[in-house]
Amino acid sequence: MNTRDSKEILNLIKSLKEANAYLASSEEMSLELLEQVITNCLTASDNISQTLQTFGELDRYQAELTTYQSLLKDFLAAISQAGELAYPAQAIEASLTKLTTKLSAKHKKQVVFLPYKASMWDSLASIYEAASADPSCDAYVIPIPYFTKDEHGKLKDLHYEGNLFPKEVPITSWQDYPLAKKRPDIIYIHNPYDDGNIVTTVLPAFYTDKLKQYTDLLVYVPYFVTLRTQLPMDKKDEESDYSIAVPNGVRNADLVVVQDEIEKTGYRRAWSEFVKQNPTYSKELVQQIVNKTVALGSPKYDQLSKAMPKNYPLPKDWQEKIYRLDGSKKTVVFYNTTILDFNIHREKMLAKLIDVFNFFFSHQDEYTLIWRPHPLLLATIKSMNVKLTTSYQQLVEQFKAAQFGIYDDSPDFYLAYTYADAFYGDLSSMAELFRKLGRPVIQQLVDYSTAQIPAEFDYTLVEERLAKQEIIREYELPLAKVPSFLVTLDLRPTATNYHFGLDIHRYVMNLANS
């Protein structure tokens with residue numbers, strides 16, 4: 001039962017107190033009117049009982065409600081027989097006061113987290129940690145089932161990833177926590193798309209227009225962070241970058257949390273453009289979006305502090321690939337491939353993958369490649385065409401069979417981050433997070449030959465770029481030069497001390513309590 005529901009019940013009890021005062025002060029009243037008023041009071045108290053039963057909280061208040069109803073029923077029965085009898089106003093007032101006191105006592109806030117992909121849990125994890133440590137909260141993690149779609153946009157396979165979350169996170173089944181009945185105070189989501197995603201959709205019962213009805217505070221925290229690069233970006237690119245700002249979830253949420261003020265400005269720009277292109281929406285909508293968008297950082301940054309060997313011991317099969325027999329460590333390259341780049345380049349991207357894998361296969365004594373494709377990449381390719389899907393799946397199987405690298409589709413990518421010396425691939429949230437670790441982030445270029453080495457290579461220039469945590473293009477630091485470049489660096493783990501999850505939790509709790 002959330003705060004709003006408690007207030008509704010308290011308002012009803014207030015009406016019962018007013019009725020009690022009315023009955024106590026009325027010296028002359030017909031038996032018919034008396035019966036009518038008492039019957040209305042009993043009906044109202046039954047409604048309170050039913051509401052509390054719905055929320056599973058009737059037992060806590062049953063004694064006071066029973067006392068109140070018994071007093072009214074006994075008085076009504078007695079006066080019908082005796083004719084004139086003193087109305088028990090003080091006893092009824094006392095029972096209602098006890099009920100009010102109990103309901104007014106500070107309740108723990110019900111805080112619900114509704115992730116759908118286990119690999120995206122890091123976008124909510126540190127908020128959950130803050131909420132679960134807060135004695136004024138009861139926090140629940142309820143993974144949502146979702147469908148993948150076929151190439152025609154029709155629902156295909158149902159997925160549920162509740163068993164893939166970290167062992168230390170207690171999972172509540174979505175079937176055991178009916179939101180419409182429980183009505184939590186706060187709901188957090190990281191998927192804002194409802195039915196607007198061409199690749200996946202959560203169950204319609206969890207669309208944001210429904211969730212908004214079940215809670216006082218629906219909070220959207222993006223599952224991604226936007227890469228802050230120093231690469232040139234033209235105006236058109238900037239505008240398209242913020243198409244992520246206009247899905248249903250952003251409009252329906254009561255609060256939207258973004259990583260910084262740059263992102264917030266981007267949301268304003270995106271919604272201004274959206275309203276221009278959709279005249280049925282009012283201009284006031286833009287200001288509404290801006291007013292509820294707050295730049296509080298991203299919990300994804302918080303997780304970087306855990307990317308340490310003590311938190312992520314190497315699995316045996318990884319250790320055998322990363323370390324040589326003499327105990328020395330190979331150069332570990334984290335390879336990221338994204339939906340956007342594959343969607344743009346398609347067959348050219350397949351050719352690039354083959355080129356990359358040939359390079360690492362030929363240099364497997366020196367390198368270990370950890371390949372982590374976007375968790376929805378295969379589903380996206382399947383929505384494109386069958387031929388491309390077959391070619392991609394064959395490439396995945398060939399990579400796994402060749403055993404020169406690690407195919408990482410685990411829910412938690414921070415294991416790979418812990419041991420990776422350099423990031424290589426498509427620019428995304430993954431690159432942004434790796435950049436914060438102070439290690440090289442190299443953007444792959446589809447038309448650039450992976451094994452190519454420029455005639456002139458400037459170590460100093462690359463070191464300067466790295467010191468500024470800038471993105472390095474593939475031709476500026478080709479893969480063949482990465483090992484010799486790394487030996488010039490101090491690659492001890494970069495300490496991070498972010499606490500965005502705690503900040504977000506405190507901000508949201510202040511809103512919920514106001």
Side-chain angles (χ1 to χ4, degrees), residues 1-24 32-80 87-112 114 136-140 142 172-187 203-207 209-218 254 512-513:
M1 182 169 62
N2 62 28
T3 304
R4 180 178 58 190
D5 297 311
S6 295
K7 287 180 179 178
E8 289 176 359
I9 294 174
L10 286 169
N11 286 334
L12 197 50
I13 295 172
K14 182 181 178 181
S15 297
L16 294 180
K17 284 191 170 190
E18 291 171 352
N20 183 51
Y22 170 70
L23 290 171
E32 182 181 358
L33 178 58
L34 182 67
E35 287 179 343
Q36 181 181 344
V37 174
I38 291 179
T39 299
N40 289 340
C41 290
L42 289 171
T43 299
S45 64
D46 282 338
N47 290 337
I48 293 173
S49 295
Q50 290 171 11
T51 302
L52 291 169
Q53 180 68 52
T54 299
F55 296 128
E57 296 190 29
L58 179 57
D59 289 347
R60 183 177 179 186
Y61 308 99
Q62 184 72 72
E64 289 74 23
L65 282 166
T66 300
T67 299
Y68 171 74
Q69 292 180 331
S70 296
L71 285 167
L72 285 179
K73 290 176 181 178
D74 291 347
F75 171 73
L76 194 58
I79 200 172
S80 298
Y87 175 70
Q90 290 184 348
I92 290 175
E93 175 69 20
S95 67
L96 291 175
T97 298
K98 285 182 181 179
L99 190 58
T100 300
T101 300
K102 274 192 175 182
L103 279 163
S104 300
K106 196 169 184 180
H107 288 276
K108 285 189 174 184
K109 297 291 185 185
Q110 301 286 300
V111 185
V112 168
L114 298 179
S136 68
C137 293
D138 283 330
Y140 301 86
I142 307 174
T172 299
S173 168
W174 60 281
Q175 295 171 312
D176 294 337
Y177 193 102
L179 291 168
K181 178 180 178 181
K182 296 289 189 178
R183 296 177 63 85
D185 296 275
I186 302 165
I187 294 178
L203 297 187
F206 295 98
Y207 285 174
D209 60 339
K210 301 277 198 320
L211 297 180
K212 190 175 178 65
Q213 300 173 30
Y214 306 147
T215 185
D216 291 334
L217 202 51
L218 179 61
D254 299 300
N513 289 323

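In this structure, T67 OG1 and L72 CG are separated by 11.0 Å, a value rounded to the nearest 0.5 Å. Atoms NZ and OG1, on K73 and T39 in that order, are 10.5 Å from each other to the nearest 0.5 Å. With rounding to the nearest 0.5 angstrom, the CD1 atom of I9 is 9.5 Å from the OG atom of S49. Rounding to the nearest 0.5 angstrom, the gap separating the CD atom in E93 from the CG atom in L71 is 12.0 Å. To the nearest 0.5 Å, atoms CG (L179) and NZ (K210) are separated by 12.5 Å. In this structure, the separation between CD on E64 and OG1 on T97 is 11.0 Å, given to the nearest 0.5 Å.
For the residue pair L12 and A44, the shortest heavy atom distance occurs at CD2-O, 3.8 Å. Smallest separation of non-hydrogen atoms from F206 and L211: O-CD1, 3.4 Å. In terms of heavy-atom proximity, K181 sits nearest to Q53 at CE-O, 4.4 Å. Across every non-hydrogen atom of I142 and W174, the tightest pair is CG2-CA, 3.4 Å. Nearest heavy atom pair, residue A512 against residue L217, reads N-CD2, 4.1 Å.
Annotation: ring-ring contact (aromatic ring centres under 6.0 Å, His included) contacts of Y207 (sequence neighbours excluded): none. Judged as a ring-ring contact (aromatic ring centres under 6.0 Å, His included), and not counting sequence neighbours, the contacts of F75 are Y87.
Side chains of Q62 and T66: a donor on one and an acceptor on the other come within 3.5 Å.
Under the 4.5 Å side-chain criterion, counting only non-hydrogen atoms from C-beta, L10 is in contact with T100. Side-chain contact between T54 and R183 is absent, with no heavy-atom pair separated by less than 4.5 Å. Residues T172 and V112 have side chains not in contact (no heavy-atom distance under 4.5 Å, counting atoms from C-beta outward).
Between the side chain of N20 and the backbone N or O of L16 there is no donor-acceptor pair closer than 3.5 Å. Although no hydrogens or angles enter the test, the distance criterion places a donor-acceptor pair under 3.5 Å between the side chain of T215 and the main chain of P184. With hydrogens and angles ignored, the 3.5 Å screen pairs a side-chain donor or acceptor of D254 with a backbone N or O of L218. Judged purely by atom type and a 3.5 angstrom limit, D138 has no side-chain atom pairing as donor or acceptor with the backbone of Q110. Without hydrogens or angle criteria, S95 side chain to I92 main chain gives a donor-acceptor distance under 3.5 Å. Of the possible donor and acceptor atoms, none in the side chain of K17 sits under 3.5 Å from a partner among the backbone N and O of L96.
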side-chain contact (heavy atoms from CB on, under 4.5 Å) between K109 and N513, intermediate numbers included: CA-CA 9 Å; K109 297 291 185 185; N513 289 323; 3.0 Å; yes
Test log, rule side-chain contact (heavy atoms from CB on, under 4.5 Å), inputs Y68 and L99: CA-CA 10 Å; Y68 171 74; L99 190 58; over 6 Å; no
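Taking the six-membered ring for Trp and thresholds of 30 and 60 degrees, Y177 and Y140 have ring planes inclined between 30 and 60 degrees apart.
Heavy-atom neighbours of Q90 CD from other residues, nucleotides or ligands within 6.0 Å: at or below the threshold of 12. Within 6.0 Å of the NZ atom in K212, the count of heavy atoms belonging to other residues, nucleotides or ligands exceeds 12.
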